[in-house]
Every structure is written in C-alpha cells, then in structure tokens.
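The shown structure was predicted, so the numbers you read here are calculated from the model rather than taken from an experiment. By convention here, the first residue in the shown sequence is residue 1.
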Amino acid sequence: MTSHATELDLEVLLHRALRATGTSERWTIDVDETWCRLACPSGIRRQQGWKLHVSATAASAPHVLVKALDVLLREESTFKFARSLEQVGALNSRATPRGSSGKFITVYPPSDDDAARLALALHEATLGLAGPRILSDQPYAPQSLVHYRYGAFVGRRRLSEHGLLVWFIEDPDGNPVEDKRTGQYAPPPWAVSPFPASVPLPPQRDKAASGPVLLGGRFSVREAIRHTNKGGVYRGTDVTTGAAVVLKEARPHVDGDASGFDVRDWLRAEARALEKLKGTGLAPEPLAMFETGGHLFLAQEEIPGVPLNTWVAERFRDVGRESYRRDALAQVGRLVELIASAHDHGWILRDFTPGNVMVRPDGELRLIDLELAVLEGDSMLPTTVGTPCFSAPERLVGAPVARTADYYSLGATMCFVLAGKVANLLVEEPAARPAQERFADWLAVCGRMLRLPDGVTEVILGLMRDDPAERMDPAAAREALRKVNPAPPERATRERIRTGAASDATQVAIAGMVNHLVDSMTPADDGRLWPVSTLAGEAGPCTVQQGAAGVLAVLTRYYEVTGDPRLPELISTAGHWIAARVDTRSIRPGLHFGGRGTAWALYEAGLAVRDEELTDRALALALAPLEPTPSYDITHGCAGSGLAAVHLWHRTGDPRLADVVVADADRLVAAARVESAGVSWPVPAEAVSQEAGKRYLGFAHGTAGIGCFLLAAAAVSRRRDHLRLAVAAGESLAAGVLMVGRTAQWPAQTADVPTAPYWCHGAAGVGAFLIRLWQATADERFRDLAHHAAEAVMERATRAALTQCHGLAGNGDFLLDMAEATGDPAYRAMADDLATLIAAERAHRGTHVVFPNEHGKVSTSWSDGSSGILAFLLRSRHPSPRHWMVQQPG
C-alpha cells in the first residue's frame with residue numbers, strides 16, 4: 001500500500017460513515033497534516049470542561065474509528081481524530097511524551113451530562129478492541145479505550161512563571177490555572193467528575209507510597225530509574241534472596257504495528273537474549289518475567305556501577321584532561337572486546353550505545369537493554385528503531401540485520417568515550433558531501449584539540465564508514481589499537497590548528513546562516529516571525545530567549561559590520577512586527593524573557609536603519625512599568641531588566657533610565673543575604689515554588705549575573721554600596737570554586753557537584769563576570785579564576801553542544817571577552833578553535849547553513865538555535881561588542 005493511500009484510509013472511512021448516517025450536511029471538516037477535525041455549526045462550544053479521549057493501535061484504529069463515528073456523527077460534539085495510521089503510530093510511539101500519548105480521538109462534549117452519556121456510548125461501542133492506556137486520563141472502566149480528563153477545549157495560552165507559554169484553564173473565580181498535561185491523571189480540585197466511579201487503578205509507581213510496592217509476589221520496588229511512554233524501569237529487591245534487581249516494564253500496545261507487535265514483544269526478546277547469555281558475564285542474569293495488571297515485567301540482576309554515558313560525564317568533570325585521556329583509551333579497548341565477545345556468542349546487538357553499557361566499579365563492562373539484540377541468522381525482521389548518531393544509517397531505514405551495523409555503533413561509542421560526544425550531522429540537501437567525510441572533518445578538529453594519540457581516530461573512521469562492506473571489524477580494530485602509542489602527540493601550535501581552510505569554513509557558515517535567517521522570516525505569520533524548536537518549551541514571540549528580538553539583534557549586528565544590502569528592509573520589517581506586538585502599559589521582567597531585552601534589540605535596530613519610530617517605541621517599552629516580580633536573576637528578574645536599562649542609558653543618556661537602574665540595584669541590595677563567604681540571592685518561594693531557597697551561582701539564574709548587573713549599575717549610580725555588593729558576589733564565587741587540575745569549576749547551586757562549564761550555570765558565565773570584576777577592581781584573584789574558567793571551557797569543548805546557553809557559542813563569547821580584557825592573543829586563538837569546531841558540524845541545505853540544537857532540531861532562536869551561534873561566529877571574524885553585555889566604561 002502506498003503512503004498516499006495509507007493517509008487516505010481513515011478519511012475514506014469518515015466519508016463512508018457520513019454517507020451511511022446521512023449526516024454529511026451537518027458537519028464542517030477541517031484537515032491538516034495531523035488531525036481531521038469535525039464541528040457541528042449548531043453545537044454548543046465551551047472553552048473548557050470534561051473531554052474524552054479514545055485510544056487505538058495502528059491495527060485497531062480503522063475499527064475503533066468506525067465504531068466511534070457511529071456514535072459521534074449522530075451527536076453535536078466537536079471532535080477530531082488522527083488522520084492517518086502513521087499518525088496513530090506516532091501517537092503510540094515509545095518516544096511520545098507520556099502526557100499526550102495514545103489520544104487517537106478527542107471529543108469536546110457541550111455539557112458534563114453529555115460527557116457522561118457519550119463516554120458510556122463510546123465505551124460500549126469500542127468494547128473489546130485494542131488500544132493503550134492514556135496516562136494523563138482516567139479510564140472510563142477497566143480495559144476501556146475511553147478515557148476522560150478535565151482540560152482546555154480551545155487553545156488559550158499565557159506566559160508561566162518560567163516565561164514559557166503554557167495552556168491554561170480558569171478556576172471558578174476566573175483566575176488562570178495551567179492546564180498541565182503530564183503522565184498522570186490530576187483533575188483540578190473544583191472539577192466534579194460526572195462519570196461513574198471507576199475501579200481504582202494500580203498505584204502509580206513514580207509517586208512515594210506508604211509502603212513498598214511488591215511486584216510478581218517477589219520483587220519489592222525501591223525507586224524509579226526512569227519513566228517513558230513504553231513503561232518504567234525500577235530498582236528493587238528480590239525478597240526471596242535479598243539481591244538487588246532491576247525491573248523493566250512494558251505497557252500494552254505502545255509502539256504497536258499493524259500486526260499487533262508492540263513493546264511487550266521487545267521485552268520478551270530481551271528476556272530470550274538474557275536467557276541465552278546466562279553465565280557468560282556479558283549481561284545481567286535474568287530472574288523472572290511476569291504480568292501485573294496487563295503490564296509485562298522483566299526482573300533481572302542489577303549490575304553495580306554506572307552507565308557508560310554517566311561514566312564519561314563524571315570523568316570529564318572530575319579527573320582533568322590528561323588523566324581522562326588515559327582512562328578513555330583503556331575503555332575503548334574494553335568496548336572492542338565487549339562487541340567481539342557478543343559476536344562470538346552469535347549475537348548482533350542492533351543498539352550498542354553508551355546508555356546500554358554498564359561500567360562496573362572494577363572497570364569491567366556489561367551489556368544492558370538488549371531488547372533489540374538478535375541471534376545471527378534469526379528470522380527477526382529488520383527494525384528502524386535505534387539511536388541517532390549511534391545506529392548505523394542503514395539500520396534506521398530497515399536494512400537487513402548484519403554485524404556491520406554493530407561495527408558502526410562501536411565506532412560511534414568509542415568516539416563518545418574519547419571526545420565526549422558524537423557529532424550530530426544533520427541531513428544535507430543536496431547530499432554533496434559524504435557523511436563519512438563530514439564526520440572525519442569534525443573528528444580531526446576534536447583529535448587535535450584533545451591531542452588524541454595517532455591512529456585512534458583512524459580506527460573510529462574505519463569502523464564508521466558509510467559503506468557497511470568497507471567497515472573495519474573488531475579484530476582489525478583490536479590489532480590497530482595495539483599499535484597505537486598511548487602517549488599524546490606533541491602539542492600542536494595554534495597556527496597549525498588554525499588553518500586557512502578552517503577560517504574559510506567559518507566564513508561559509510556565517511554566510512549560509514544569514515541566508516537561512518533571511519529566507520525563513522515570515523512576517524505574515526502572526527504568531528512567530530522565525531521558526532523555533534519548542535521541545536524545551538516555548539517563550540513569547542518577541543523575546544530575546546526564543547523570539548524575534550534575539551534574531552533581530554544578530555542580523556542588526558551583521559548589517560553593521562558588513563553593510564549587506566538585503567538587511568535594512570528586513571530589519572525594518574522585523575522591528576515593526578515586534579513593535580506592533582509589544583505592550584508598553586507593563587512588561588515582564590528579565591533580559592531574555594522580559595520586555596527590556598526586547599527593547600534593547602528594537603533600539604539597536606532602529607538606530608541601524610535610522611528609524612525613529614522604532615527607537616521611540618523601544619524607549620517607551622524600556623520605561624514601561626515592570627510587572628511585579630520576586631525574581632532576581634538575569635533571564636527572568638530585575639538584574640536582567642536592570643542590565644538592559646544600563647545599556648539603554650549609555651545609548652540615550654535618558655535620566656529616567658538611570659532611575660530605573662538604581663531602583664533595580666537597590667532591590668537587589670535589599671534582597672541580598674550576606675554570609676561569611678560573601679553574598680547570595682536565594683530563589684524566593686513566590687518566584688518558582690519548587691526552586692524556593694536554592695542559591696544559584698551562574699550567570700543566567702544566580703550570583704554571577706546579578707553581580708555583573710550590580711557592577712554595571714555602580715558605574716551609573718556611582719554608589720559604593722552597589723560596587724561593594726558586586727565585589728561580595730565575586731568573593732562568593734571565589735569561595736565556591738572547585739579546582740580540578742588547571743580548571744576552575746562551579747556547581748549550579750551551592751553544595752552541589754560542579755556543572756558543565758556553560759554560560760547558563762557554569763564556568764563560562766561565572767568567568768564572564770569575574771573578568772569584568774577584575775577590570776573594575778584590579779584584583780588579580782578574579783582574573784586568575786577567569787583564566788582557569790577558560791581552561792575548563794577548553795578542556796570540555798569537544799563534549800559541548802553548539803549553542804549560546806549550554807554550548808560552544810556562549811563559551812566562545814567568554815573567550816573573546818578574555819581576549820579583549822587581557823589583550824592576550826591566546827584567548828582569541830582558543831575562541832578560534834571553538835569556531836572551527838562549530839563550523840565542522842554545519843549542514844548545507846541549498847544556500848543555507850543550519851546547525852542542530854541540543855535536541856537535534858533546527859531552530860533560529862538565540863538561546864538554543866542558529867542566531868546565538870551566528871552571533872559568536874560573527875564576532876570571531878569581526879571584533880565587536882558582545883550581545884546582551886554592557887561594555888566596561890572607558
């Protein structure tokens with residue numbers, strides 16, 4: 001059956017049902033890529049209430065739809081259904097969020113009485129058909145496909161306390177309340193259920209219970225390791241022996257295909273694999289398989305230790321570069337032996353990744369999560385289930401089972417151990433550069449920066465060739481690794497690393513990214529001016545963080561340094577798009593999520609294109625009263641609003657902005673908690689309740705960013721108390737540093753382990769403040785700490801994502817700060833290394849260049865997308881002020 005025909009199947013059933021019931025004239029139909037929506041013009045519409053969901057599998061969906069339509073087409077309730085079997089499969093995928101999985105049909109009843117009546121009718125009509133449990137809802141009855149929850153009927157959204165757009169409903173007094181869509185049924189307290197009492201469900205194992213949960217009459221659950229749509233993974237105890245166990249759960253009908261095969265069959269396959277590997281020492285010993293409440297469980301021996309991906313993260317953080325290189329090379333040898341041994345026992349693993357390998361306390365490795373493993377020659381069909389970056393490309397398109405796919409995964413896992421990550425090379429269009437060539441370019445940069453021994457990268461590349469027939473096998477890899485001299489090569493000079501080709505690649509990336517931003521702007525779209533990824537949440541459409549202001553600021557800078565004739569009109573259009581959507585009666589606080597960050601971008605755009613309407617609008621926005629805020633930080637709070645006001649005061653000299661700066665600084669003086677080691681600003685309970693009392697240290701949310709604003713404010717106010725408090729912030733950070741070798745590291749919050757060295761929480765953001773504090777105070781301690789922060793940035797560079805908030809772009813901007821503050825060219829050379837590393841991960845799409853964000857998606861946003869990356873690359877080639885930072889007074 002063709003893909004086109006499959007898409008039409010469910011719609012064909014709809015039109016047959018409309019003809020059969022004679023109701024075609026009663027309904028309006030709207031179809032998009034995902035949903036088919038039906039509305040009865042005479043029906044009553046509500047904004048919120050009890051809504052119904054009906055689940056189905058890819059196999060049962062046509063039958064469920066026919067039965068449900070026989071009920072719904074005779075009613076007046078608006079409803080929708082997934083328009084194709086592919087969409088049904090996507091809704092039931094193991095990767096689907098638990099709060100939205102399984103919802104094949106959604107019904108919006110006009111009243112509570114109608115909701116109860118329709119639920120019964122749909123339950124009776126679909127009884128006995130297959131479908132997964134919908135975790136966000138209450139089942140109408142045991143084994144029913146019909147579920148219900150209280151929630152929004154129409155798409156109403158507002159900004160949450162985190163500055164992200166969330167769906168909301170209203171309480172009986174008309175107050176907005178977030179309509180949370182989680183993996184657990186949790187109706188609001190005022191919503192009285194119109195449905196008959198259901199048989200109680202088994203207790204949720206992700207909640208603390210009054211006593212231990214006993215599964216299979218034998219296994220006591222201690223804690224959840226993780227929860228996904230396919231089921232949970234739990235730590236427990238075998239009460240008959242006292243041994244530690246791991247319990248894996250598979251929910252019925254998740255990831256089901258048209259034949260009825262689902263994740264329970266994958267778990268049975270893992271049980272078979274463990275049974276055949278008993279006594280080999282390669283994998284956990286199987287203990288039992290059993291069903292509870294229709295869910296399938298596999299109990300197996302718990303392997304002490306940590307997953308390999310955790311081992312890499314912790315070792316990168318804790319031991320320093322030289323020690324890590326030695327440990328990683330030893331681990332690479334063990335990985336080769338692990339794959340070779342699995343193959344010697346006749347097994348092809350099909351999902352060999354750092355998350356599926358355990359590192360025991362003695363350093364030995366064990367295989368876990370063997371649900372995709374098959375015996376060589378088995379009749380198991382190919383599968384496209386896999387792990388991006390680690391699964392061989394042919395595996396993800398359903399190629400026949402072969403050892404050579406495991407060779408590719410071995411190479412990728414070796415790369416992860418040595419470099420800290422594997423490049424996420426997005427598809428190019430057209431595919432002019434072979435993937436192995438692109439990967440080799442990226443790995444060559446990593447190898448030079450990490451000083452990997454000669455020959456190691458050749459082994460990785462040999463294992464990961466595009467053509468499976470050309471891949472090196474484990475025996476050849478073992479032999480090649482034996483010949484490698486484990487001593488690192490001599491340190492390459494910066495001149496050798498910074499080749500002309502690398503500089504050209506950066507320039508190509510800059511030009512292609514600008515093309516992408518120019519061509520992807522959609523001023524006719526009322527909701528978004530540029531496309532962004534919303535997997536991590538969606539901020540307001542005009543903000544710096546994820547909205548139009550961040551992109552506009554970077555394109556404005558590009559125009560200022562290049563004079564690109566395409567940009568004046570675009571900048572004007574974007575500026576007026578933003579100006580038409582901001583409200584100057586009041587603004588949210590913060591630089592990245594608030595109004596003054598938007599005003600900053602709008603003002604610079606207006607100056608660049610000589611548009612007084614834009615600069616006037618920006619000034620009005622900057623002077624608008626702030627909504628009440630208990631937040632102190634840069635991204636959401638008064639420090640960020642104040643920092644933007646400092647910049648705009650320097651630009652305009654407007655005394656009203658100076659008053660704003662002083663007021664924000666005084667608020668921070670009043671809120672400061674002075675302590676023996678310095679000062680902190682604990683998160684107030686009324687800001688983010690679950691964060692209450694936490695003392696964050698980084699730039700985005702804590703002491704470093706607040707101190708940076710106070711330092712800038714002191715230059716405006718000329719008040720010593722503002723400067724003293726900025727210095728006290730620096731003293732706190734000096735007291736909280738952890739030195740690992742030559743690197744300075746900080747935790748995200750006090751009394752925690754060090755975090756990654758990024759702008760948001762780690763060394764790059766802390767260092768950006770400390771180097772400015774050194775400039776203001778001449779205290780050499782702060783410069784030295786900033787230098788060691790730069791060492792931390794470089795030591796973990798190959799492990800980093802590419803973006804501003806948590807990646808190389810923000811880290812590179814800090815290194816350029818160091819170069820400008822100290823005059824030492826070594827820091828600019830370091831920044832060039834990071835620019836080269838970023839450029840090596842680019843993907844060409846016509847005249848555009850795109851990069852992956854942390855989720856592997858293309859996004860244009862400042863914090864996690866291409867505009868933030870472009871800002872750093874542009875600054876590395878064209879020296880200019882750092883975005884969203886106030887320059888030190890001359």
Quiz item: Looking only at atom types and distance, does a side-chain atom of T28 sit under 3.5 Å from a main-chain N or O of A39, one as donor and one as acceptor?
Solution: yes
Self-check item: Of R156, Q48, E178, the residue whose pairing with F168 passes side chain to side chain contact (heavy atoms under 4.5 Å, CB included)
Solution: R156
Quiz item: Can you find a heavy atom in the side chain of S193 that is under 4.5 Å from one in the side chain of Y150?
Solution: no
Quiz item: Taking all non-hydrogen atoms of both residues, which atom of N92 and which atom of G102 are closest, and how far apart?
Solution: OD1-CA, 3.3 Å
Practice problem: Can you establish whether the number of heavy atoms outside Q143 located under 6.0 Å from its atom CD is more than 12? | Solution: no
Quiz prompt | W167 six-ring face occupied by R157 cation (under 6.0 Å, within 45°) | solution = yes
Quiz item: Taking the side chain from S84 and the backbone from Q87, do they hold a donor-acceptor pair closer than 3.5 Å?
Solution: yes
Quiz item: CG/L372 to CG/L349 distance, rounded to the nearest 0.5 angstrom?
Solution: 9.5 Å
Quiz item: Does the D864 side chain pair with the main chain of T803, one donor and one acceptor, at a distance under 3.5 Å?
Solution: no
Exercise. Look at D369 together with K248 and state whether they make a salt bridge at an N to O cut-off of under 4.0 Å.
Key: yes
Quiz item: Under 30°, 30 to 60°, or over 60°: which ring-plane class applies to W50 and Y185, parallel, tilted or perpendicular?
Solution: tilted
Quiz prompt | Minimum heavy-atom distance D262-H253, with the two atoms named | solution = OD2-N, 2.8 Å
Quiz prompt | Salt bridge flag under 4.0 Å for residues K230 and E249 | solution = no
Practice problem: Find out whether V146 and P139 are in side-chain contact, i.e. whether some heavy atom of one side chain is under 4.5 Å from a heavy atom of the other. | Solution: no
Exercise. Could you tell me whether a side-chain N or O of S859 sits under 3.5 Å from a main-chain N or O of S533, the two making a donor and an acceptor?
Key: yes
Practice problem: Establish, yes or no, whether the cationic atom of R581 lies under 6.0 Å from the six-membered ring centre of W577 and within 45° of the ring axis. | Solution: yes
Quiz prompt | Side chains of L52 and T106 in contact at under 4.5 Å (non-hydrogen atoms) | solution = no
Quiz item: Quick one: which of I169, V177, D171, D179 gives a side chain to side chain contact (heavy atoms under 4.5 Å, CB included) with P188?
Solution: I169
Exercise. Start with the C-alpha gap between D32 and R37, add the side-chain angles, then the distance that decides, and say whether salt bridge (Lys or Arg N to Asp or Glu O under 4.0 Å) holds.
Key: CA-CA 9 Å; D32 62 22; R37 297 178 175 84; 2.8 Å; yes
Quiz prompt | Flag for S144-H123: side-chain donor and acceptor within less than 3.5 Å | solution = yes
Exercise. Go through the steps for D265 and E371 under the test side chain to side chain contact (heavy atoms under 4.5 Å, CB included), then give the verdict.
Key: CA-CA 9 Å; D265 296 287; E371 60 185 17; over 6 Å; no
Self-check item: Audit row: V64, L145, side chain to side chain contact (heavy atoms under 4.5 Å, CB included) steps and yes/no
Solution: CA-CA 9 Å; V64 172; L145 300 191; 3.7 Å; yes
Quiz item: Is F81 close to W35 at the side-chain level, that is, under 4.5 Å between some pair of heavy atoms?
Solution: no
Quiz item: Using 4.0 Å as the upper bound for N to carboxylate O, is an ion pair formed by R74 and D70?
Solution: yes
Practice problem: Run the numbers on H516 and F851 for ring pair (Phe, Tyr, Trp, His ring centres under 6.0 Å), then give the verdict. | Solution: CA-CA 11 Å; H516 175 61; F851 289 93; over 10 Å; no
Quiz prompt | Close side-chain approach of V551 to L529, heavy-atom, < 4.5 Å | solution = no
Practice problem: For the pair E124 and K67, find out whether any cationic side-chain nitrogen is under 4.0 Å from an anionic carboxylate oxygen. | Solution: no
Quiz item: Which residue, R98, K180, H147, K103, forms the side chain to side chain contact (heavy atoms under 4.5 Å, CB included) with S136?
Solution: K103
Quiz item: So, the side chain of E841 versus the backbone of N424: is there a donor-acceptor pair under 3.5 Å, distance only?
Solution: yes
Quiz item: Is D112 salt-bridged to R117, going by a charged N under 4.0 Å from an acidic O?
Solution: no
Practice problem: Could you check if a side-chain atom of T387 sits within less than 4.5 angstrom of a side-chain atom of N356, using non-hydrogen atoms only? | Solution: no
Quiz item: Is there a side-chain hydrogen bond (donor to acceptor under 3.5 Å, both in side chains) between D114 and S77 once you walk through the steps?
Solution: CA-CA 9 Å; D114 289 314; S77 296; 6.0 Å; no
Quiz item: Is there side-chain contact between W530 and S520, with heavy atoms separated by less than 4.5 Å?
Solution: yes
Self-check item: Residues K80, D30: salt bridge by 4.0 Å N-O rule
Solution: no
Practice problem: Measure across A843 and L426 and return the closest heavy-atom pair with its distance rounded to 0.1 Å. | Solution: CB-O, 3.7 Å
Quiz item: Counting N and O atoms only, with roles assigned by atom type, does the side chain of R251 sit under 3.5 Å from a partner on the main chain of H295, one being a donor and the other an acceptor?
Solution: no
Practice problem: Check for a donor-acceptor pair, side chain of T404 on one end and backbone N or O of A469 on the other, with a separation under 3.5 Å. | Solution: no
Practice problem: Write down the atom of P62, the atom of L85, and the distance for their closest heavy-atom approach. | Solution: CD-CD2, 4.1 Å
Quiz item: So, N229 and S101: side-chain donor and acceptor under 3.5 Å apart, yes or no?
Solution: yes
Quiz item: How close do S60 and A130 get, heavy atom to heavy atom, and via which atoms?
Solution: OG-O, 2.6 Å
Exercise. Would you check if the side chain of T543 reaches a backbone N or O of A539 as a donor-acceptor pair within less than 3.5 Å?
Key: no
Quiz item: Taking it one step at a time, do R528 and E538 satisfy side chain to side chain contact (heavy atoms under 4.5 Å, CB included)?
Solution: CA-CA 11 Å; R528 282 283 166 190; E538 184 178 0; 3.0 Å; yes
Self-check item: Under 3.5 Å side-chain donor-acceptor pair for H848 and N515
Solution: no
Exercise. Check whether any side-chain heavy atom of L375 lies under 4.5 Å from a side-chain heavy atom of W347, and answer yes or no.
Key: yes
Quiz item: Mind checking what makes ring-ring contact (aromatic ring centres under 6.0 Å, His included) contact with F153, not counting sequence neighbours?
Solution: Y108
Quiz item: Do F352 and F390 make the cut of ring centroids closer than 6.0 angstrom?
Solution: no
Exercise. Determine, stepwise, if the pair E11 / V31 fulfils side chain to side chain contact (heavy atoms under 4.5 Å, CB included).
Key: CA-CA 9 Å; E11 292 180 65; V31 178; 4.0 Å; yes
Practice problem: Would you check if the side chain of Q436 reaches a backbone N or O of D466 as a donor-acceptor pair within less than 3.5 Å? | Solution: yes
Quiz item: In this structure, are over 12 heavy atoms from other groups packed under 6.0 Å from I225 atom CD1?
Solution: yes
Quiz item: Any side-chain donor-acceptor pair under 3.5 Å between D257 and S259?
Solution: yes
Exercise. Starting at CD1 of I105, measure out to CG of L38 and round the result to the nearest 0.5 Å.
Key: 10.5 Å
Quiz item: Considering all heavy atoms of both residues, which atom of R395 and which atom of A405 are nearest to each other, and what is their separation?
Solution: CG-CB, 3.5 Å
Practice problem: Could you label the plane-to-plane angle of the Y140 and Y148 rings as parallel, tilted or perpendicular, counting under 30° as parallel and over 60° as perpendicular? | Solution: perpendicular
Quiz item: Okay, side chain of R438, backbone of R842: is any donor-acceptor separation there less than 3.5 Å?
Solution: yes
